[in-house]
Amino acid sequence: MDAADLPPSWRTALCADLSSDWYLRLAKFVENERDQFQVFPSERDVFNALRLTPLDQVKVFLLGQDPYHDEGQAHGLSFSVPSGIRLPPSLRNIFRELHTDLGIPPASQGCLESWAKQGVLLLNAVLTVRAHEANSHRERGWEQLTAKILKCVNQRPHVAFVLWGSYAGKHSSLIDADRHLIIQNAHPSPLSARRGFFGSRPFSRINAFLEHHGEQPIRWQLPE
């Protein structure tokens with residue numbers, strides 16, 4: 001899990017963590033898993049979220065839980081899939097709410113890189129997973145790194161934190177609610193979307209917050 005090509009702002013912020021004993025144990029665990037099983041995402045994509053969204057450019061932090069665990073889906077960005085891959089149900093519901101909120105027609109492809117390049121940090125709490133086994137790399141050390149990343153982002157002036165679902169919501173205690181916007185609603189999964197995700201209008205709330213603080217709003221419409 002080579003982090004050498006991370007943006008300078010992330011390398012500086014995470015230098016001590018990425019050379020720590022606990023991180024080296026995590027890296028060895030993932031290496032052993034790759035030797036024995038299929039692991040998602042590919043090694044080169046594990047840090048895509050940090051690579052595409054430098055710390056000094058983060059405006060929105062959308063926290064996911066676990067990478068997609070089926071073939072071809074995970075590429076290092078929470079909720080995102082590579083272009084050409086069938087949209088997962090949660091992402092379809094995100095696009096449905098985007099349409100309701102801002103009138104943007106649902107995209108036909110699910111690669112969210114254009115969001116990431118505008119300052120939307122699309123980070124999962126756990127960055128790897130064994131194929132077809134959800135949460136199989138949970139509590140192996142990734143959560144410690146995620147917490148450090150969240151604390152780093154919390155030091156920025158004004159960020160919109162999006163915490164969908166109870167798991168993401170547990171991280172709200174790490175966020176300074178006096179400076180940041182915290183959007184905490186039900187998860188967009190079909191199992192829970194009707195219990196508070198639909199109708200929550202997160203995208204317009206994020207842009208209103210950013211504009212209020214003199215930031216450019218996010219262009220949510222994806223390229224086809």
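The structure presented is a predicted model; accordingly, all values stated were derived computationally and were not measured.
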When you check the side-chain N and O atoms of E211 and Q216, is any donor under 3.5 Å from an acceptor? no

Could you tell me how the ring of W164 sits relative to the ring of F203: parallel (under 30°), tilted (30 to 60°) or perpendicular (over 60°)? perpendicular

Would you call H132 and D70 a side-chain contact if the rule is heavy atoms closer than 4.5 Å? yes

Drop me the distance from E31's CD to E43's CD, to the nearest 0.5 angstrom. 8.0 Å

NZ/K170 to CG/L63 distance, rounded to the nearest 0.5 angstrom? 12.0 Å

The reported gap from CZ in R201 to CG in D101 (rounded to nearest 0.5 angstrom) is 4.5 Å

Non-hydrogen atoms of L24 and L18 that approach each other most closely: CD2-O, 4.5 Å

Measuring only between side-chain heavy atoms, which start at C-beta, is F209 closer than 4.5 Å to H158? yes

If only atom types and distance count, is the side chain of R130 paired as donor or acceptor with the main-chain N or O of S136 below 3.5 Å? no

State yes or no: do L191 and F198 share one hydrophobic cluster built from I, L, V, M, F, W and Y residues joined by side-chain heavy-atom distances below 4.5 Å, directly or via other members? no

Check this for me: R219, atom CZ, are more than 12 non-hydrogen atoms of other residues, nucleotides or ligands nearer than 6.0 Å? no

Quick check: closest heavy atoms across P188 and F79, and the distance to 0.1 Å? CG-CE2, 3.9 Å

Under 3.5 Å, side chain of T53 to main-chain N/O of L50, donor-acceptor pair present? no

Which distance, rounded to the nearest 0.5 Å, do you find between the CG of L127 and the OG1 of T146? 5.5 Å

Do the side chain of S20 and the main chain of Y23 share a donor and acceptor less than 3.5 angstrom apart? yes

Is the closest side-chain heavy-atom distance between L91 and L112 below 4.5 Å? yes

Minimum heavy-atom separation for P190 and P89, please, with both atom names. CG-CB, 3.4 Å

Using a 4.5 Å cut-off on heavy atoms from C-beta on, say whether the side chain of L123 contacts that of F61. yes

Which atom of L145 lies closest to which atom of W22, heavy atoms considered: N-CH2, 3.7 Å

Have a look at F197 and tell me which of H187, R96, E97 forms a side chain to side chain contact (heavy atoms under 4.5 Å, CB included) with it. E97

Go through it in stages, so that I can follow the logic: the residues are Q65 and V126, the test is side-chain contact (heavy atoms from CB on, under 4.5 Å), and I'd like the CA-CA distance, side-chain angles, deciding distance and then a yes or no. CA-CA 6 Å; Q65 181 171 347; V126 175; over 6 Å; no

Who passes side-chain hydrogen bond (donor to acceptor under 3.5 Å, both in side chains) against E224, sequence neighbours left out? S108

Are V159 and L122 linked, directly or through intermediate hydrophobic residues, by side-chain heavy-atom contacts shorter than 4.5 Å (ILVMFWY only)? no

Is the closest side-chain donor-acceptor distance between N124 and S78 under 3.5 Å? no

So, does T12 use its side chain to make a donor-acceptor pair with the main chain of S9 at under 3.5 Å? no

Without swapping roles, check the side chain of R205 against the backbone of S200 for a donor-acceptor pair under 3.5 Å. yes

Please examine the side chains of W142 and V46, heavy atoms only from C-beta on, and report whether any two atoms are closer than 4.5 Å. yes

What are the two closest heavy atoms between I85 and G72, and how far apart are they? CG1-O, 3.4 Å

Look at the side chain of R34 and the backbone N and O of V39, then say whether any donor-acceptor pair between them is shorter than 3.5 Å. yes

Could you check whether any side-chain N or O of N207 sits under 3.5 Å from a backbone N or O of I218, counting only pairs where one atom can act as donor and the other as acceptor? yes

Exceeds 12 heavy-atom contacts within 6.0 angstrom, atom CZ of R138: yes

Please check if I94 and L62 belong to a single hydrophobic cluster, counting links between Ile, Leu, Val, Met, Phe, Trp and Tyr side chain heavy atoms closer than 4.5 Å. yes

So, S83 side chain and G110 main chain: donor-acceptor pair closer than 3.5 Å or not? no

Enumerate donor-acceptor pairs with a distance under 3.5 Å from any side-chain N or O in residues 147-157 to protein atoms, sequence neighbours excluded.
{"from": "K148", "atom 1": "NZ", "to": "A13", "atom 2": "O", "distance (Å)": "3.3"}
{"from": "K148", "atom 1": "NZ", "to": "D17", "atom 2": "OD2", "distance (Å)": "2.6"}
{"from": "N154", "atom 1": "OD1", "to": "D176", "atom 2": "N", "distance (Å)": "2.8"}
{"from": "N154", "atom 1": "OD1", "to": "H180", "atom 2": "NE2", "distance (Å)": "3.3"}
{"from": "R156", "atom 1": "NE", "to": "L55", "atom 2": "O", "distance (Å)": "3.4"}
{"from": "R156", "atom 1": "NE", "to": "V58", "atom 2": "O", "distance (Å)": "2.8"}
{"from": "R156", "atom 1": "NH1", "to": "D56", "atom 2": "O", "distance (Å)": "3.3"}
{"from": "R156", "atom 1": "NH2", "to": "V58", "atom 2": "O", "distance (Å)": "3.3"}

Measure from the side-chain N and O atoms of R140 to the backbone N and O of L26, and report whether any donor-acceptor pair falls under 3.5 Å. no

Identify the heavy atoms of C111 and H75 that sit nearest to each other, and give their distance. SG-CE1, 3.8 Å

What's the separation between atom CD in Q73 and atom CG in L87, rounded to the nearest 0.5 Å? 10.0 Å

Under a 3.5 Å distance rule, please check whether Q109 uses its side chain to pair with a backbone N or O of P223 as donor and acceptor. yes

Flag side-chain contact, heavy atom, 4.5 Å: W220 against I206: yes

Is there a chain of hydrophobic side chains (I, L, V, M, F, W, Y, each step under 4.5 Å between heavy atoms) that links L121 to I183? no

Is there a path of hydrophobic side-chain contacts, each under 4.5 Å between heavy atoms of I, L, V, M, F, W or Y residues, that connects L98 with L222? yes

Using side-chain heavy atoms (C-beta onward) and a distance below 4.5 Å, is N185 in contact with L163? no

Decide whether E33 and H137 meet the rule of one side-chain donor and one side-chain acceptor closer than 3.5 Å. yes

Are H99 and F95 an aromatic pair by the rule of ring centers under 6.0 Å? no

From S189 OG over to R195 CZ, what is the distance, rounded to the nearest 0.5 angstrom? 8.5 Å

Heavy-atom side-chain contact between E133 and V129 under 4.5 Å: no

All side chain to side chain contact (heavy atoms under 4.5 Å, CB included) counterparts of N48, not counting sequence neighbours: D45, R51, L77

